[in-house]
Colleague: 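Mind having a look at this structure? Questions to follow.
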Number of protein chains: 4
Amino acid sequence: MEFHAQKAIFLQIADLLTDGIMEEKWKVDERIPSVREFATSLEVNPNTVMRAYSYLQDQEIIANKRGIGFFVSPNANHKIIAIKREEFIKLEVPRISKMMKLLDLSFDELKKLISDIE
Amino acid sequence: MEFHAQKAIFLQIADLLTDGIMEEKWKVDERIPSVREFATSLEVNPNTVMRAYSYLQDQEIIANKRGIGFFVSPNANHKIIAIKREEFIKLEVPRISKMMKLLDLSFDELKKLISDIE
Amino acid sequence: MEFHAQKAIFLQIADLLTDGIMEEKWKVDERIPSVREFATSLEVNPNTVMRAYSYLQDQEIIANKRGIGFFVSPNANHKIIAIKREEFIKLEVPRISKMMKLLDLSFDELKKLISDIE
Amino acid sequence: MEFHAQKAIFLQIADLLTDGIMEEKWKVDERIPSVREFATSLEVNPNTVMRAYSYLQDQEIIANKRGIGFFVSPNANHKIIAIKREEFIKLEVPRISKMMKLLDLSFDELKKLISDIE
DNA sequence: GTGGTCTAGACCACC
DNA sequence: GTGGTCTAGACCACA
């Protein structure tokens with residue numbers, strides 16, 4: 001798999017997982033791929049996958065059962081949305097507001113820009 | 001001055017300059033502060049300021065007159081807007097679209113979020 | 001049954017057994033559950049239960065009669081207390097002392113903290 | 001420097017730092033050793049030191065200034081005490097209570113044990 | 001110089 | 001088999 005350079009690979013892997021969980025590719029209480037397994041399928045070092053898993057474990061989106069593997073936590077979906085929503089409001093919304101002023105964009109124009117991308 | 005850790009300092013300084021130019025704090029053909037001057041006032045390494053200046057010079061927003069200093073280029077405002085607009089549409093608009101889907105946000109809700117910040 | 005992730009499961013199972021022995025759930029010379037039986041009731045790998053049994057066997061708290069099962073050893077209670085006491089004094093007491101200094105806790109405050117949990 | 005095997009080295013390094021901060025070896029707003037510097041002095045891999053620093057950064061005990069190094073955060077001392085206190089109450093106090101019951105220790109006996117260690 | 005990330009490969013305890 | 005930690009060494013962007 002290919003990763004883009006703008007963002008750390010371990011974060012892109014974390015996104016892969018959260019996206020998968022949102023799409024119910026992995027459901028609550030289900031086991032996600034083992035570190036090594038996922039690492040070889042992504043053609044990435046196991047440490048890098050491990051880092052993504054630890055990152056999500058800290059956010060209580062996945063949890064580890066000793067010697068067995070990582071599992072999707074109950075309420076993972078809600079946690080993912082809550083975290084992403086908070087990030088969006090804290091980091092992106094102010095930026096959007098600033099850019100609208102700078103570019104002299106009305107909300108309708110912004111709406112059009114967003115609708116235009118498929 | 002304090003900078004946030006998420007973004008390179010030289011980019012934050014560049015934003016400081018473009019914002020100042022847009023607000024006509026520095027007008028076209030006017031001289032902006034010298035590298036050394038600006039560096040001490042920002043409590044930052046002169047190299048870092050220099051990097052911001054080079055960055056804006058590449059975008060033809062400012063220009064260097066050897067031995068004298070950096071000056072705001074003609075049409076700097078239009079260039080700033082053009083560049084920021086392109087970046088906004090290419091990088092941010094798709095991200096906004098994605099987040100709206102993920103967070104299940106309507107345009108009205110987005111509008112409210114944006115209006116809510118002052 | 002649920003285990004916490006901080007401690008090895010086989011040690012948690014060993015604690016389950018010593019607690020049971022202290023509470024006379026299993027008395028001296030009585031047979032404790034078979035490895036397989038216990039494993040299925042705990043929803044755990046039999047190897048893990050076996051490891052807990054071996055661990056207690058090494059401490060002479062339980063003993064194996066080949067082909068029959070594991071039995072609580074004579075004097076198991078005294079041994080359990082002796083071992084736990086030694087561990088407590090060697091490992092935990094110094095730590096408590098250190099934390100009291102760090103957190104600036106008096107004995108009375110410690111006493112209160114301990115009393116507060118039920 | 002020697003580390004004991006019971007606890008991850010990166011956590012022992014984190015303890016080294018929090019202890020140092022509490023003892024004002026490094027004061028608020030002061031720079032702590034660079035990752036590489038500390039790694040060589042401890043005879044440990046830089047990654048391991050980095051992990052300890054990241055760990056403390058997550059807890060907002062230290063903070064990074066880009067390209068310069070890590071600095072002790074304001075209020076680091078309070079944060080350290082708050083975190084350690086919470087851990088103590090959540091993990092150790094219940095255990096102490098349990099051991100007192102099991103070993104049939106009175107509080108005065110516990111007090112004596114603690115006082116006995118120099 | 002600084003931190004941040006990644007790879008390759010190893011060892012360990014645990015299940 | 002699983003994760004968890006560590007080493008050695010590399011490359012990068014940034015100050």
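So that the names make sense, note that chain A is the first sequence line, chain B the second, and so on, each numbered from 1.
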Colleague: To the nearest Å, give me how far apart CZ (A:Phe70) and C1' (E:dC15) are.
Modeller: 15 Å
Colleague: Between A:Val44 and D:Pro33, which is nearer to the 5' end of DNA chain E once each is assigned its nearest nucleotide?
Modeller: D:Pro33
Colleague: State whether D:Phe70 and D:Lys65 meet the cation-pi test: NZ (Lys) or CZ (Arg) under 6.0 Å from the six-membered ring centroid, and within 45° of the perpendicular axis.
Modeller: no
Colleague: If only atom types and distance count, is the side chain of A:Lys84 paired as donor or acceptor with the main-chain N or O of B:Leu103 below 3.5 Å?
Modeller: no
Colleague: One thing to verify: whether D:Lys7 and D:Asp15 come together as a salt bridge, which I'm taking to mean a side-chain N less than 4.0 angstrom from a carboxylate O.
Modeller: yes
Colleague: Within this structure, what is the CD1-to-C1' distance between A:Ile13 and E:dT5, rounded to whole angstrom?
Modeller: 12 Å
Colleague: Starting at atom OH of A:Tyr55, determine the distance to atom P of E:dT5, rounded to an integer number of angstrom.
Modeller: 11 Å
Colleague: Once you apply a heavy-atom cut-off of 4.0 Å, does D:Arg51 come out as touching a base, just sugar-phosphate, or nothing?
Modeller: sugar-phosphate
Colleague: Figure out the CZ/C1' separation between A:Arg31 and F:dG3, and round it to whole Å.
Modeller: 11 Å
Colleague: Using whole Å, what does the distance between atom P of nucleotide F:dC6 and atom CE of D:Met1 come to?
Modeller: 13 Å
Colleague: Does D:Arg66 reach the main-chain N or O of B:Ile9 with its side chain, forming a donor-acceptor pair under 3.5 Å?
Modeller: no
Colleague: Establish whether the base of F:dA15 is bridged to the side chain of B:Asn47 by a donor-acceptor pair shorter than 3.5 Å.
Modeller: no
Colleague: F:dT7 P sits how many Å from D:Leu42 CG, rounded?
Modeller: 10 Å
Colleague: Report the secondary structure of DNA chain E in dot-bracket form, marking unpaired bases with a dot and bases paired to a different strand with |, and treating Watson-Crick or G-U pairs with both distances under 3.5 Å as paired.
Modeller: ||||||||||||||.
Colleague: Among D:Asn45, D:Thr40, D:Val44, whose side-chain contact (heavy atoms from CB on, under 4.5 Å) with D:Leu42 holds?
Modeller: D:Val44
Colleague: Answer yes or no: is there a donor N or O on one side and an acceptor on the other, between the side chain of B:Ser73 and the main chain of B:Ala76, under 3.5 Å?
Modeller: no
Colleague: Examine the base of F:dG3 for any acceptor or donor lying under 3.5 Å from a partner atom in the side chain of A:Arg36, and report the outcome as yes or no.
Modeller: yes
Colleague: Just how far, in rounded Å, is P of F:dT5 from CG of A:Asn45?
Modeller: 16 Å
Colleague: Using a cut-off of less than 4.0 Å, is there contact between a side-chain N or O of D:Thr48 and OP1 or OP2 of F:dT7?
Modeller: yes
Colleague: Enumerate the residues from residues 3-12 of chain A whose closest heavy atom to DNA chain E is under 4.0 Å, giving them by residue number; use none for an empty result.
Modeller: A:Ala8, A:Ile9, A:Phe10
Colleague: Do the ring planes of C:Phe38 and C:Tyr53 sit parallel (below 30°), tilted (30 to 60°) or perpendicular (above 60°)?
Modeller: tilted
Colleague: Provide the closest heavy-atom pair for C:Glu30 versus C:Lys25 in the form atom of the first, atom of the second, distance.
Modeller: OE1-O, 4.2 Å
Colleague: Does F:dG3 have its OP1 or OP2 closer than 4.0 Å to a side-chain nitrogen or oxygen of A:Arg66?
Modeller: no
Colleague: Rounded to whole Å, how long is the line connecting atom OH of C:Tyr53 with atom C1' of E:dC15?
Modeller: 17 Å
Colleague: Verify, without hydrogens or angle tests, whether B:Ser97 (side chain) and B:Val93 (backbone) share a donor-acceptor contact under 3.5 angstrom.
Modeller: no
